[in-house]
Chemist: 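My questions all concern the structure below.
Here is the naming used below: chain letters follow the sequence lines, and residue numbers restart at 1 for every chain. Quick caveat: nothing in here was measured; it's all calculated off a predicted structure.
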Number of protein chains: 2
Amino acid sequence: MTGYEIHQGIEASIGHFWSESYGQIYPVLKDLEAAGLVTADAAASGRGRKFTITEAGRVELRQLLVGLGDPPPPRNTLLLQLFFGRELGPEWCRARIAEARAQAEEQLTHFDALAAEVAAEVGYEEQQVYWSSTIAFGRAMAAALIAWADEVTPTFGVD
Amino acid sequence: MTGYEIHQGIEASIGHFWSESYGQIYPVLKDLEAAGLVTADAAASGRGRKFTITEAGRVELRQLLVGLGDPPPPRNTLLLQLFFGRELGPEWCRARIAEARAQAEEQLTHFDALAAEVAAEVGYEEQQVYWSSTIAFGRAMAAALIAWADEVTPTFGVD
DNA sequence: TCCGTCATGTAAATGGTTACATGATTCG
DNA sequence: CGAATCATGTAACCATTTACATGACGGA
């Protein structure tokens, strides 16, 4: 894939759980090439350079994945707002929760569409279990948010 | 509160959804004081400086909370590992999911304890709705993760 | 021809953590 | 007395985003 395609690919697949910017992708691609972890060929279509992971790269990838440390410290803006909800009032909080709920609803349909796509794909049978469970995770979290919203919304009295 | 107490307080309350390091807290406390958004008094107990938010600070806080933009791009290590699960094998993935599940189980009991604490607290009735729903969110997410883990674990065949 | 997409990159700023240094106080 | 905790701060480092600059190619 080209650097561009990598970016597009991330957005389209695990975009909900991970992200990388071009400012990140291109420099590391250069480093990876220098380290022999990927090789680059001029794309058949002429423009761009297609990168392919090498065996050494695959080994490195495995190590990297296994050794992945703790995720970065949490930064949940919705929860921070809710925690200081008294400053903002119940009305505002209810609206904010409704907004988050609507977003989760959208995600839910998006994940369902993704799941159908993955299930229909041929030639990637070995991957399906992994991708499906990734998508199922997103689905589960979105559904849980919706349920939570419905549960707590009534507890906010009127102003 | 002193800077130290602020840090401890964050850890103990919304620690699961937000975090700040000392390297962040002390410098901004200084800036806030200079801007008149907090005032500082020598603590009664002698050591440390207790900070109190001013009215101007409260106004600023409200604006800040309302204007909070999108959360930082996602970085879910578990999901990244799962996405590349084929590289790591079903055995490894199942173990990783079990680990996450166990952690969620711990969180669940932790949140329950927190909820009981909050409910028992007197003098903060106005806050309870907000804190309770914050805790309920954590509970809901942890529970959803457990349910998800139980759902997907059997789909991973043996090596 | 011109617009949108494909494609590559860089520079600066940012936001934040980590590690370290320092010392007072309390409690066993 | 010594250890743990309370308490404050700084410097270095870091990963990352943002904004920008550039240009080729395909199709309307």
Side-chain angles (χ1 to χ4, degrees), chain A residues 1-35 37-53 60-61 63-65 67-77 79-80, chain B residues 1-35 37-53 60-61 63-65 67-77 79-80:
Chain A
M1 300 166 97
T2 65
Y4 186 82
E5 284 170 343
I6 290 169
H7 186 251
Q8 304 297 94
I10 291 173
E11 297 280 273
S13 55
I14 42 168
H16 284 94
F17 314 113
W18 204 268
S19 79
E20 296 296 348
S21 62
Y22 288 121
Q24 195 82 342
I25 290 171
Y26 286 110
V28 322
L29 237 23
K30 195 184 283 183
D31 295 347
L32 290 175
E33 194 186 1
L37 302 176
V38 301
T39 55
D41 307 286
S45 54
R47 90 190 117 159
R49 304 171 63 229
K50 300 257 183 195
F51 291 90
T52 309
I53 192 166
E60 189 74 13
L61 171 63
Q63 278 177 0
L64 199 139
L65 287 170
L68 232 42
D70 300 323
R75 283 264 144 78
N76 189 324
T77 52
L79 274 283
L80 187 69
Chain B
M1 299 168 99
T2 64
Y4 186 82
E5 283 170 344
I6 290 169
H7 186 251
Q8 303 297 95
I10 290 173
E11 296 280 272
S13 54
I14 45 168
H16 284 92
F17 313 112
W18 204 268
S19 79
E20 298 297 346
S21 62
Y22 289 120
Q24 194 83 341
I25 290 170
Y26 286 111
V28 322
L29 238 22
K30 194 184 284 183
D31 295 346
L32 290 175
E33 194 184 1
L37 302 176
V38 300
T39 55
D41 307 284
S45 54
R47 92 191 116 158
R49 306 171 63 227
K50 299 260 183 193
F51 291 91
T52 310
I53 193 167
E60 187 75 12
L61 172 62
Q63 278 178 359
L64 199 139
L65 287 171
L68 232 41
D70 299 323
R75 282 265 143 80
N76 190 323
T77 52
L79 273 282
L80 186 70

Chemist: Whole angstrom is fine here: how far is it from OH in Y4(A) over to P in dT8(C)?
Modeler: 10 Å
Chemist: dT8(D) P sits how many Å from R49(B) CZ, rounded?
Modeler: 8 Å
Chemist: What bend angle does the helix from dT1(C)-dA28(D) to dG28(C)-dC1(D) show across its length, from five-pair end axes and to the nearest 10 degrees?
Modeler: 30°
Chemist: Would a 4.5 Å heavy-atom cut-off, applied to side chains only, mark E20(B) and E11(B) as touching?
Modeler: no
Chemist: According to salt bridge (Lys or Arg N to Asp or Glu O under 4.0 Å), who are the partners of E5(B), at least two apart in sequence or on a separate chain?
Modeler: K50(B)
Chemist: Applying side chain to side chain contact (heavy atoms under 4.5 Å, CB included) to D41(B) and T52(B), what does each step give before you reach the verdict?
Modeler: CA-CA 8 Å; D41(B) 307 284; T52(B) 310; 4.2 Å; yes
Chemist: For the pair made of NE2 in H7(A) and P in dA7(C), what is the distance, rounded to whole Å?
Modeler: 14 Å
Chemist: Rounding to an integer number of Å, can you tell me how far I10(A) CD1 sits from dT17(D) P?
Modeler: 10 Å
Chemist: Just verifying a value: how many Å separate F51(B) CZ and I6(B) CD1, rounded to the nearest 0.5 Å?
Modeler: 7.0 Å
Chemist: Under 4.5 Å between any side-chain heavy atoms of W18(B) and T77(A), yes or no?
Modeler: yes
Chemist: Please report, rounded to the nearest Å, how far the P atom of dT10(C) is from the OH atom of Y26(A).
Modeler: 11 Å
Chemist: Is any side-chain N or O of K50(A) closer than 4.0 Å to OP1 or OP2 of dC6(C)?
Modeler: no
Chemist: Could you give the CZ-to-P distance, from R47(B) to dA4(D), as a whole number of Å?
Modeler: 16 Å
Chemist: Any side-chain N or O of T2(B) less than 4.0 Å from the OP1 or OP2 oxygen of dC6(D)?
Modeler: no
Chemist: Between atom CG in D70(A) and atom C1' in dA15(D), what is the gap in whole Å?
Modeler: 17 Å
Chemist: Let me confirm one number: the NE2-OH distance from H7(A) to Y22(A), rounded to the nearest 0.5 Å.
Modeler: 5.0 Å
Chemist: Could you check whether any side-chain heavy atom of N76(A) comes within less than 4.5 Å of a side-chain heavy atom of I14(B), counting everything from C-beta outward?
Modeler: no
Chemist: Reading nucleotides 13-19 of chain C 5' to 3', which nucleotides get B (base under 4.0 Å from a protein heavy atom), which S (sugar-phosphate only), which -?
Modeler: ---BBB-
Chemist: Roughly how many Å is it from CD in E5(A) to P in dT8(C), rounded to a whole number?
Modeler: 8 Å
Chemist: Do L80(A) and L65(B) touch side chain to side chain, with heavy atoms closer than 4.5 Å?
Modeler: yes
Chemist: With heavy-atom distances below 4.5 Å as the criterion, would you say the side chains of P71(A) and R75(B) are in contact?
Modeler: no
